[in-house]
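To find a chain, count down the sequence lines: A is the first, B the second, and so on, and within it residues start at 1.
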2 protein chains.
Amino acid sequence: MWVYLFEEGGKHLRKILGGKGADLAEMTQLGLPVPPGLTVTTEACREFFTHGQKFPPGLEDELREKLRTIEAKTGKKLGDPSNPLLLSVRSGAPISMPGMMDTVLNIGLNDRTVEGLERLSGSRRFALDCYRRLLQMFGRIVLGINGEKFEKIFNSAKEKRGVKLDLELDAEALAEVVEEYKRLIKEETGRDFPQDPWEQIFMAVTAVFKSWYTPRAIVYRRVNQIPDDLYTAVNVQTMVFGNLSPDSGTGVVFTRNPSTGEKKLYGEYLSFAQGEDVVAGIRTPKPVESLKEEAPALYEQLAQICERVERHYKDMQDMEFTVEKGKLYMLQTRAGKRTAQAALTIAVSMVQEGLIDIQEALLRVQPNQLVQLLHSHIDPKADVKPIAKGLPASPGAAVGRVVFDVDEADRRGSQGEAVILVRPETTPEDIHGMVAAKGVLTSRGGMTCHAAVVARGMGKPAVVGCEEIKIDLQKEKFYAGDVEVNKDDIITIDGASGSVILGKAPMVEPEIGKELGQLLAWADEARTLKVRANADTPVAAAKARSFGAEGIGLCRTERMFNAQDRLPIVQEMILSPTDEDRKRALEKLMPMQKEDFKQIFREMKGLPVTIRLLDLPLHEFLPRIDELIEEVATLRLTGKDLEALKVKEKILKKAQELAEHNPMLGHRGCRLSIRYPEIYEMQTRAIFEAATELAKEGVTVDLEIMLPLVGIAEEIAQLRRLVEQKAQEVMEQRGIKVNYSIGTMVEVPRAALTADEIAKHAEFFSFGTNDLTQTTFGFSRDDAEAKFIHEYLDRKILEVNPFEVLDRQGVGKLMKIAVELGKSTRKDLKVGICGEHGGEPSSIEFCHSLGLDYVSCSPFRVPVARLAAAQAKLKEEKVSLSPQKGD
Amino acid sequence: MWVYLFEEGGKHLRKILGGKGADLAEMTQLGLPVPPGLTVTTEACREFFTHGQKFPPGLEDELREKLRTIEAKTGKKLGDPSNPLLLSVRSGAPISMPGMMDTVLNIGLNDRTVEGLERLSGSRRFALDCYRRLLQMFGRIVLGINGEKFEKIFNSAKEKRGVKLDLELDAEALAEVVEEYKRLIKEETGRDFPQDPWEQIFMAVTAVFKSWYTPRAIVYRRVNQIPDDLYTAVNVQTMVFGNLSPDSGTGVVFTRNPSTGEKKLYGEYLSFAQGEDVVAGIRTPKPVESLKEEAPALYEQLAQICERVERHYKDMQDMEFTVEKGKLYMLQTRAGKRTAQAALTIAVSMVQEGLIDIQEALLRVQPNQLVQLLHSHIDPKADVKPIAKGLPASPGAAVGRVVFDVDEADRRGSQGEAVILVRPETTPEDIHGMVAAKGVLTSRGGMTCHAAVVARGMGKPAVVGCEEIKIDLQKEKFYAGDVEVNKDDIITIDGASGSVILGKAPMVEPEIGKELGQLLAWADEARTLKVRANADTPVAAAKARSFGAEGIGLCRTERMFNAQDRLPIVQEMILSPTDEDRKRALEKLMPMQKEDFKQIFREMKGLPVTIRLLDLPLHEFLPRIDELIEEVATLRLTGKDLEALKVKEKILKKAQELAEHNPMLGHRGCRLSIRYPEIYEMQTRAIFEAATELAKEGVTVDLEIMLPLVGIAEEIAQLRRLVEQKAQEVMEQRGIKVNYSIGTMVEVPRAALTADEIAKHAEFFSFGTNDLTQTTFGFSRDDAEAKFIHEYLDRKILEVNPFEVLDRQGVGKLMKIAVELGKSTRKDLKVGICGEHGGEPSSIEFCHSLGLDYVSCSPFRVPVARLAAAQAKLKEEKVSLSPQKGD
């Protein structure tokens, strides 16, 4: 069957009737006042394309037959001048898709039926205007004539008569326009406008089919990952006219407020108008509530229909309707788009109303939407124009004065001024400036550059790699295209979208309402996967716990080395000529590290804390080589400050000695400590002194020590002994035993491939999927995101960015191997993930399916992960999904 | 049984009797004149260590019992003054192992038996000298007294008498020495030298056991990967005395010449002497052949024994013998160490003599030894002292004058002068200098740095990363420690060992004799794995074919971009502001590439040629950024040459734009061509124009086009279309069809993990195990070899360098996955390897076991690979190995 009457279809046939067709059929089945119509299936469209762009056999006959039924139902007839049946033709794919064919209205009009319409409506002007509209839409959309040519004719008619509004053109003028439109069509296509209504229909259906492959539609599908072989359906429906009379009109209604979720009709209505008049925006529609007074019966009918349809679909609906001479017709219904807040409110209150169950409510909210609720963000209702776009490195929005100098940012920020630090990129030496600033904007770097990682760790908004801005540090200004932004100018950055806005954009402060609390409580009950946070500081740890983290899955110790008061000591350690000097410098760091650990342990109140020993290569703690080279060259040539030259030369020499061709694959992680065991020894001592001192205060610590970058079983075997020995020493000195376990990151392929051997020495694994993705693909994230990933996405070589969404086929296969091999030698191996994927819903679903024990993500992502983990569990249990999912 | 009499053992008991013990037993079984003796097993040694360093129960009794048998056999008795039994005690592990306990001779002597010996030998001096030796050896080795203390006593005895040679000391003097030795032992150990022969034996056996764990032995085992739990046996044997009379003596004989392999007795003999006298080197031994005249009967007997033993072991033997009063005793036999040439000659001639079969001959030669035969090398007999050591980057030795300037090296080298190019490192701009030089020495870089890769490709000797030398380019000199080497000084570099030698070292030119040809012909018959070569030039292709390559497995097109006449065009291409400019530059390269391909195809005469399209990241073709920064800074400050500044700034800007954080994981390989399709289009055109033009001349081409760095099926799917389309275009233009296939490197883990998907678009895989090792371990080879691999080897975290020997556990597992998945979707998938492991014997064996079709390696490694492939096949078939293997 190629064609379904609305009464033959239903929402279960979305795939072949498309979204719009299925919903029109469903509304018809519900007995709502839907103008009769039919849907040509997506299967017909598929046949059309797979068989030389011809109607499949039988389609034309079916169309004729079912249109006869509609004629019978309406009492009107196609081409019958006495009572002509007029139709609209619209596309409708299974997935809502802008960029497809527009609507063609008034099909069925021709030189003869236009007169019938005049008689029936009692208005020659109305009839001619309808005909004029058909000619224009059909000419442009079906026949492919440039729309401006129609506009030109229309406008010159208005000019000729000295009028401004369309409505001011009288019947005579419109009759002239109709004639000129027909001439234009003849000129452009070489044949007359088809007078046969059947031919009009077949041509319009063909045009809808073909619009599946317009460039805009193709791009849209590519961007939104919609398969090409879904195809579109075509809806043919009896016309109703909102522009027939003053008691006619057209409107849109949401069954609840799509912005707040409030349970109250929301929408707008324009009388004496068709949909396209609303779009044209010449008259302003009124709120739909105004009908309550103006047409109480109609409003009552509309409200009942809304209630009915929402109950039926069990979701907030977005509906289009038309009133023709006081009679209400429903033209479309679909699940309404909504803000994060509305999604949350609606889901929670629908449970309270008994409309949906908790499982359904959990599936109704997109986990990623929660991020919006947890950061200050730019008011979504505000109309702001970015002057540049960069990478959305750390969510949240920030407003402040532009400052280029790090120390200045530190000084002014510390005094309470709101500043945004703008730099080509940041280094560990800039951290104090970042801490004091409200947000960070850099022109270089990828999603894992220093600025991005540090900002995320601090929960501070950041836009990085914003190559559209050209920074002139000397003159303290930057350019975004033509816009010049000077020091002290106010800008707003939006770390969730990557936008940079000149001036102060209107902001919304985050609010964790009762509703979110309720939803997450439900999520906690539903999920089996635990959720931890990546937190390096006491502040972040507190934040994580307040967001419901069940432990710290990754406490990086790099930050503790990078802090402003420690970096000089760390550099002293690196520049040490002897082991002894190095140990002395480390000795100075020890009490500082210990204090950090104590504070974090206190915050976590006995929840597990996974501390990763130092991972960064040492050269990351020194200034950049190219800057040093320039400084040294300059100092040499000027020959003035020989002392400074000597110091710089020494640092440069060390930096060059430590420099690596591929630092990602270089001397870092546990490799570092095999060369310099004193670093991990110091860290182990700091951890165990902290833990034993707290134990004396009665604070329990659930301690997990994690060794980074292990790829060879013997690495962890040897380092494990070092940690155990130091731990033992401290515990014996203090006379207190602290429970702890030792495990490793799985972040190079070899760790996964030899996980059985490694698990012999590791009580837990934590997947470092950032690095694992880099090594599995052979992609340096910084380089790939700057140079070619976008091209890969555009060309569909990659469906999604594997640094954002876990690559199940490659990286996921390694993870599966690691879990299986690891558990083959250690049954109770604990397994988690602490890469950024740990906060991404689809990746969380995959982790759940692998049987991981927990995911760990940045504190702000913890609520996202809690919800995503619940959804993973529910989907696994094959809970029936919302019938409108995918719309 | 803890103790075996020689007549109870045999060579099959090597594991428990050790190498020496098993061979003594075997000789005894053969009826050779071996002084009677016994062996304490390695099992006894194991028991000793696993049970508190005590003799296992029963060992002492067994020793006593079996020594009684020896007493009976010899008619002598332990401790019997009238006819004392004297014994030697020696260690003997299952694997020959220096660093273990030395020999103790003359056990059984004491204050009373020494007189018996005097009577029996008729010489008081002889008897006392024997006793003196026992005391000295026993004191030093068994009792652990510093040997110098004995030397001091002995030397002062000589001084006192004003003599120089030991032999000049008379009996009286020796009697004094004996007394003083005994006093020294008492002083040092607190007790008298044990007079009881039994006690002497038990103490000596214990000392041998304990020597298993001397530091030297431990280090030796670590370095040579010998397990600690093999343990050592102890051999106790009746003494015979080569120093008893003028018609006594001691000697060593090889059954063939260990240097040339010639079938002729080879060795030396010293009369009136014991083994240690030969070592002392005071008297010069005579060639063993001299016995032919001096003692024809003895010589005849020795020759017969040699013949007999060699026939028995079916291998060239290295034997020790002693003559006591004209009677010949055999003391030891083992497989003789030999040079590469000798190994080859012996293996081939033993087949011809019918001693061994072809399979055995193939297993007798170490494949790696063949490399020595195929490069000029430093005469192994020469005594040369390196002034520095670097990485052995490209084998062969070269002599020439030191030149630092690349253009000068080019100029002088092209005029026929032998020069060695010495640079901190090399870049593509230096290639002309490298081509013209005899060899290359750099102070920076790892085994895959530019200099190393290019030199290996050219077959040119290179030592890289020689950090011991400090180069001063300004002054044109370098320092190696204290040695100053100036421009024009002559040096020799040995790219096989990494040595740098001042002056001209004596050289040996390579020679591929008939014997090698014969062995390789046998290997070709035995093996199933094909062997191809990595060759980028016509010269290398010719070399490869002459060494028996069955095709080119990797023809890199980088070199064609790097050649001196092309680099400017390549740089022009890179600096092109528009796509059009880039295409124009590529257009200039096309005819050059085509000519290269034509020449290579011609050389290969229809054998398969795998051409890899461009892999290098573009910035590799530009100068180094740090040099550019310095140049720009200098030009800016001097402000003189503004034109040059502008050009340099432009290049610097582009270089910075193209620079990458981790070039290994960056924008290279097929990723490059997805961004710039015109590069592969040009290369495809060059290849197919070359192939079609040759086809017209009647030259067939077996063409395989390889896409580098594929990790995503869609990459190859899209690029395959590009290549096919261009190929089709050319073939249609020319009206000629050329057969070709398209495949990919498997060099990132994801390619292996998704090999089923990739194989849908690839007719062949070639494992790029250099990169695959880097990404699987997460090791950047350049950084790892410079920074931490050596530490990993020293600390036994790695058994071997995975860049040299393929890591079966990790990388190998990925290869296995790739082969299985790949063949699951394409049954006839061709699979090879083109990483450097393709020329390494153990890796080749693994490739054979995976069922690969071919290995591809550098031309000079082709013979190695042919032999290794044959050995892999033979080992798989469980051909019985040489019984002496592992000695």
Which value, rounded to the nearest 0.5 Å, describes the distance between A:K640 atom NZ and A:T638 atom OG1?
6.0 Å
Contact winner vs chain A - B:R671, B:E714, B:E630, B:Q656, heavy-atom pairs under 4.5 Å
B:R671
State whether the side chain of A:Y680 and the backbone N or O of A:L719 hold a donor-acceptor pair below 3.5 Å, judged by distance alone.
no
Backbone of B:G778 reached by a side-chain donor or acceptor of A:T775 within 3.5 Å
no
Engaged part of A:A717 at the chain B interface, taking heavy atoms whose separation is under 4.5 Å
neither
Between A:E791 and chain B, with a heavy-atom cut-off of 4.5 Å, which part of the residue counts as in contact: side chain, backbone, both or neither?
side chain
Between A:N801 and A:E785, is any side-chain donor less than 3.5 angstrom from a side-chain acceptor?
yes
Part of A:I817 within contact of chain B (heavy atom distance under 4.5 Å):
side chain
Short N-O contact, A:R636 and A:E649, less than 4.0 angstrom
yes
Non-hydrogen atoms of chain B under 4.5 Å away: do they reach the side chain of A:Q718, the backbone, both or neither?
side chain
Looking at A:T754, A:N662, A:T634, which one has more heavy-atom pairs under 4.5 Å with chain B than the rest?
A:N662
Could you have a look at A:G810, A:G666, A:S780, A:A784 and say which one has the most heavy-atom pairs with chain B under 4.5 angstrom?
A:S780
Are the charged groups of B:K813 and B:D807 less than 4.0 angstrom apart, N to O?
no
Measure distances from A:D771 to the heavy atoms of chain B and classify the residue's part below 4.5 Å as side chain, backbone, both or neither.
neither
What part of A:E747 gets within 4.5 angstrom of chain B, counting heavy atoms only: side chain, backbone, both, or neither?
neither
Determine the option with the most heavy-atom pairs under 4.5 angstrom with chain A, choosing from B:A751, B:A633, B:A752, B:P749.
B:P749
Would you mind telling me which of B:T776, B:L814, B:V632 has the largest number of heavy-atom pairs within less than 4.5 Å of chain A?
B:T776
Taking only residues two or more places apart in sequence or in another chain, which ones pass ring-ring contact (aromatic ring centres under 6.0 Å, His included) with B:Y792?
B:F788
So which part of A:I797 gets closer than 4.5 Å to some heavy atom of chain B, the side chain, the backbone, both or neither?
both
Relative to chain A, which segment of B:R795 carries a heavy atom at a distance below 4.5 Å: side chain, backbone, both, or neither?
both
Over all atoms of both residues, closest heavy-atom pair of B:A659 and B:I625
CB-CD1, 3.5 Å
Between atom CD1 of B:I674 and atom NE2 of B:H667, what is the distance when rounded to the nearest 0.5 Å?
8.0 Å
Winner by heavy-atom pair count (cut-off under 4.5 Å) against chain A, out of B:P663, B:G711, B:G669:
B:P663
Please give me the minimum heavy-atom distance between A:L707 and A:V710, naming the atom from each residue.
O-CG2, 4.0 Å
Is it the case that the side chain of A:D783 and the backbone of B:H661 share a donor-acceptor pair, with hydrogens and angles ignored and the cut-off at 3.5 Å?
yes
Please classify the contact between A:L798 and chain B as side chain, backbone, both or neither, with a heavy-atom cut-off of under 4.5 Å.
side chain
Where does A:E657 contact chain B at under 4.5 Å (heavy atoms): side chain, backbone, both or neither?
backbone
Quick check on the interface: out of B:L753, B:L637, B:V811, who has the most heavy-atom pairs with chain A under 4.5 Å?
B:L753
